[in-house]
Trainee: 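My questions will all concern the structure given below.
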Amino acid sequence: MSARNRRLPRHRAWPLTTTDINGCLGPYLSRVKDLQFVTGQGSGTIVLGAQWLAPNPRNYGRGVHPDMVGVYIDVHPVDATERAATRAVLQEHALPQLREWITQAIAADETWQLTDHQHYWRLTDGHLTHRDES
């Protein structure tokens, strides 16, 4: 992405590209409703996030439109000097785990699918952790 269009300060970079995610998810990419590259500084140790948006009603009886139900992915920026190392870790570990999480979300029972879920991958001192946080 060109520096002019990237919307990040020069010392920040996204560790993954759309091509990385497309290549890993393959046919599951059709289940992803939105892929966003987060701008800003406030992500902390989060490098990748996934969310399942359920069709639960909000606002006194108004539900979520069926086209909105599904998986949303966020790629969080990292320091530009750490981009290559972070990218390697995410490609090796996080993207296969993301694919598995999406597979499980699609096959989950109705109880799971009717509840919002968030899953985050965090990178601290070169150590990748992930867990559901819903």
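All residue numbers refer to positions in the sequence shown, counting from 1. Side-chain atoms are counted along with the backbone in the values below, which use heavy atoms only and exclude waters and symmetry mates.
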Trainee: With no hydrogens and no angle check, is any side-chain donor or acceptor of Asp116 less than 3.5 Å from a backbone partner on Ala54?
Mentor: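 Yes, the answer is positive, given that a donor and an acceptor are paired below the 3.5 Å cut-off.
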Trainee: What distance separates His130 NE2 from Leu123 CG, expressed to the nearest 0.5 Å?
Mentor: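 It comes to 12.5 Å.
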Trainee: Going only through I, L, V, M, F, W and Y residues with side-chain contacts under 4.5 Å, is there a path from Ile21 to Leu128?
Mentor: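 Linked, Ile21 and Leu128 end up in one cluster.
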Trainee: Taking atom types as modelled, is there a side-chain donor on Asp132 or His119 under 3.5 Å from an acceptor on the other?
Mentor: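 The criterion, which ignores hydrogens and geometry beyond distance, is satisfied for His119 and Asp132.
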Trainee: Enumerate the salt bridge (charged side-chain N to carboxylate O under 4.0 Å, His left out) contacts for residues 94-108, please, sequence neighbours excluded, ordered by first and then second residue.
Mentor: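 Qualifying pairs: none.
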Trainee: Indicate yes or no for a side-chain donor-acceptor contact from Gln113 to the backbone of Ile106 under 3.5 Å, with no hydrogens or angles considered.
Mentor: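 Indeed, once roles are kept as given, a pair shorter than 3.5 Å links the two residues.
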Trainee: To the nearest 0.5 Å, what is the distance between CZ (Arg131) and CZ (Arg122)?
Mentor: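 CZ of Arg122 is found 6.5 Å from CZ of Arg131.
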Trainee: Considering only distance and modelled atom types, tabulate donor-acceptor pairs under 3.5 Å from the side chains of residues 25-36, sequence neighbours left out.
Mentor:
from, atom 1, to, atom 2, distance (Å)
Ser30, OG, Pro27, O, 3.0
Asp34, OD2, Gln36, NE2, 2.8

Trainee: Could you go step by step and tell me if Thr129 and Thr124 meet the side-chain contact (heavy atoms from CB on, under 4.5 Å) rule?
Mentor: CA-CA 8 Å; Thr129 59; Thr124 308; 5.7 Å; no
Trainee: Under the rule for side chain to side chain donor-acceptor pair (under 3.5 Å), what residues qualify as partners of Trp121, not counting sequence neighbours?
Mentor: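 For Trp121 the side chain to side chain donor-acceptor pair (under 3.5 Å) partners, ignoring immediate neighbours, are Gln97.
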Trainee: If you define the side chain from C-beta out and look only at heavy atoms, does anything of Thr18 sit under 4.5 Å from Phe37?
Mentor: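 They are in contact (side-chain heavy atoms under 4.5 Å apart), so the answer is yes.
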Trainee: Could you give all pairs that pass the salt bridge (charged side-chain N to carboxylate O under 4.0 Å, His left out) test and reach residues 86-95, with sequence neighbours left out?
Mentor: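 Passing the test, one end in residues 86-95: Asp20-Arg87.
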Trainee: So, taking the atom named CZ in Arg83 and the one named OG1 in Thr81, what distance separates them when rounded to the nearest 0.5 Å?
Mentor: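 Reported to 0.5 Å precision, the distance equals 12.0 Å.
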Trainee: Are Ile46 and Leu90 connected in a single hydrophobic cluster, I mean Ile/Leu/Val/Met/Phe/Trp/Tyr linked by side-chain heavy atoms less than 4.5 Å apart?
Mentor: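 In one cluster with Leu90: Ile46, no.
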Trainee: I'd like to check the side-chain contact (heavy atoms from CB on, under 4.5 Å) partners of Asp109; sequence neighbours left out, ordered by chain and number.
Mentor: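 Residues passing side-chain contact (heavy atoms from CB on, under 4.5 Å) with Asp109: Thr111, Trp112.
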Trainee: Identify the heavy atoms of Pro96 and Cys24 that sit nearest to each other, and give their distance.
Mentor: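 That would be N-SG, 3.8 Å.
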Trainee: Judged by atom type as modelled, is there a donor-acceptor pair below 3.5 Å linking the side chain of Trp14 to the main-chain atoms of Thr39?
Mentor: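 Not at all, since once roles are kept as given, no pair shorter than 3.5 Å links the two residues.
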Trainee: Quick check on the hydrophobic clustering: are Leu48 and Tyr120 connected, directly or via other members, by side-chain heavy-atom contacts under 4.5 Å?
Mentor: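 No: no chain of side-chain contacts under 4.5 Å links Leu48 to Tyr120.
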Trainee: Below 3.5 Å, can you tabulate the donor-acceptor pairs from side chains in residues 68-79 to any protein atom, sequence neighbours excluded?
Mentor:
from, atom 1, to, atom 2, distance (Å)
Tyr72, OH, Met68, O, 2.7
His76, ND1, Ser43, OG, 2.6
Asp79, OD1, Arg12, NH1, 3.1

Trainee: Quick one: pull up CD in Glu133 and CD in Gln118 and give me the separation to the nearest 0.5 Å.
Mentor: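 With rounding to 0.5 Å, CD (Glu133) is 7.5 Å from CD (Gln118).
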